[in-house]
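Count residues from 1 along the sequence.
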Amino acid sequence: MAVIQAKGLSKRYKDTWAVDHLNLQVEQGDIYGFIGQNGAGKSTTLKLLCGLARPTEGDALIFGRPLRDPVARRRMGALIEQPGLYPDLSGRENLRLYAALLGLDSPEKQVDEILETIGLSAGKKKTVKHYSMGMKQRLGVGLALLGGPDLLLLDEPINGLDPEGIRQMRELLLRLNRERGLTILISSHILGELSKIASCYGIIRQGKMIEQLTAGELEQKCTDYLHLRTDQPQKAAALLEQKCGLRRWEMRPEGEIRIYETVEPKTVGQILVQAGISVEELGLHRQDLEGYFLERTGGKKDV
């Protein structure tokens, strides 16, 4: 079942498309990693989905209902950018205040359960101004859990956290997904961490969705491969299929061949040279999530 179905979802500010006719689908039970460079349109997309911004064009369905349907809204919790916390109140008091604003009946039990879930029950009387960044982010997730949502939208929840804070957030999100069955859409550019929890991905560039794929598909694409470029790629591919029995390979633009099987580069080079095919480039390429992401978005290594 599709929890989120966005078709042509767009947001324009003056002459700039922050989100440009984006198609997005998130299935029930997914942890959907929404990947993009800073300014790619991730936050704007999440704002459109949770009703903080109105689409210029296009629309989306949440649990099969339009964006502005109150039933769909009640099934969604969101943490967009920084959580709006009251620093002089404790975590418990923040939760109780937001529960009152939401009109929840008898929220005390739910507040206690949320504090336990996010790992803040021990210091429930501690004021938020004395919280670490990681504690504030987990309290922000706790606010999003008020009302018992089935879907969480989280915008860069691990940005700025230290390694321990990242670990705690990762374990929290995995627990919410596995034990409560929550569907989670999480935007981030910290790719190594996202790869530890995401079951599928969407890659956005300049407001446009350029690819959606499962974790399994991404793992296959990030497999190491032998990179080959010749002056006769079609003939080279046919020859290597015959001589080496290759089956897992693909032809790329500008005559590049990628071989995803274990084969000695020296052997490949000898076969082609003996056949009179000029070898322009030949070498082992090690691909990882970061490398694949940068290749798809045209980014730089310092992003």
Do you know which two heavy atoms are closest between Glu261 and Leu246, and how far apart they sit?
OE2-C, 3.6 Å
So, for Val263 and Cys244, which heavy atoms are closest and what is the spacing to 0.1 Å?
CG2-SG, 4.4 Å
Any donor-acceptor N/O pair, Asp69 side chain to Pro66 backbone, under 3.5 Å
no
Given side chains that start at C-beta, do those of Tyr13 and Thr44 come closer than 4.5 Å, heavy atoms only?
yes
Working to the nearest 0.5 Å, report the span between CG of Leu95 and CD of Gln110.
9.0 Å
Is it true that Glu93 and Lys125 have a side-chain N and a carboxylate O under 4.0 angstrom from each other?
no
Short N-O contact, Asp112 and Arg92, less than 4.0 angstrom
yes
Does Val128 belong to the same Ile/Leu/Val/Met/Phe/Trp/Tyr cluster as Leu146, with side-chain heavy atoms less than 4.5 Å apart forming each link?
yes
Between Leu52 and Leu46, is there a side-chain heavy-atom distance shorter than 4.5 Å?
no
Near Glu280 CD, under 6.0 Å, is it more than 12 heavy atoms from other residues, nucleotides or ligands?
yes
Does a side-chain heavy-atom distance below 4.5 Å link Pro70 with Arg74?
yes
Before you tell me yes or no, could you show the steps for Asp59 and Lys7 under salt bridge (Lys or Arg N to Asp or Glu O under 4.0 Å), namely the whole-Å CA-CA distance, both residues' side-chain angles and the distance that decides it to 0.1 Å?
CA-CA 6 Å; Asp59 204 354; Lys7 294 184 178 181; over 6 Å; no
Any ion pair linking Lys42 and Glu156 (charged N to carboxylate O, less than 4.0 Å)?
yes
Examine distances only and state if a side-chain atom of Arg170 and a backbone atom of Ile158 form a donor-acceptor pair shorter than 3.5 Å.
no
Taking all non-hydrogen atoms of both residues into account, name the closest pair between Leu67 and Pro55 and its distance.
CD1-CG, 4.1 Å
Mark yes or no for whether Thr16, through its side chain, and Ala18, through its backbone, hold a donor-acceptor pair below 3.5 Å.
no
Using atom types as modelled and distance alone, determine if a side-chain donor or acceptor of Asp155 lies under 3.5 Å from a backbone N or O of Glu81.
yes
Which atom of Ser195 lies closest to which atom of Gly192, heavy atoms considered:
OG-O, 2.7 Å
Side-chain heavy-atom pair Ile118, Leu172 within 4.5 angstrom cut-off
yes
Hey, does the side chain of Asn94 reach the backbone of Tyr86 with a donor-acceptor pair shorter than 3.5 angstrom?
yes
Under a 4.0 Å N-O cut-off, is there an ion pair linking Glu193 with Lys196?
yes
Can you check whether Leu182's main-chain N or O pairs, donor with acceptor, with Asn177's side chain at less than 3.5 Å?
yes
Report yes or no: does Arg248 contribute a side-chain atom to a donor-acceptor pair with the main-chain N or O of Tyr260 at less than 3.5 Å?
yes
Please give me the minimum heavy-atom distance between Ile62 and Ala72, naming the atom from each residue.
O-CB, 3.7 Å
Check Glu171 with Arg138, please: is the shortest side-chain N to carboxylate O separation under 4.0 Å?
no
Sole residue of Ile35, Leu191, Ile203 in side-chain contact (heavy atoms from CB on, under 4.5 Å) with Tyr292:
Ile203
Euclidean distance, Thr267 OG1 relative to Leu226 CG, rounded to 0.5 Å
10.0 Å
Is the side chain of Asp231 donor-acceptor paired with the backbone N or O of Ser278 at a distance under 3.5 Å, no angle test?
yes
So, do Arg180 and Arg175 sit near enough that their side-chain heavy atoms are less than 4.5 Å apart?
no
Do Thr183 and Gln28 meet the criterion of a side-chain donor-acceptor pair at a distance under 3.5 Å?
no
Ile186 to Pro157 - nearest heavy-atom pair and separation
CD1-CG, 3.5 Å
How long is the gap from CD on Glu164 to CD on Gln168, to the nearest 0.5 Å?
4.5 Å
Any donor-acceptor N or O pair under 3.5 Å, side chains Gln25, Tyr32
no
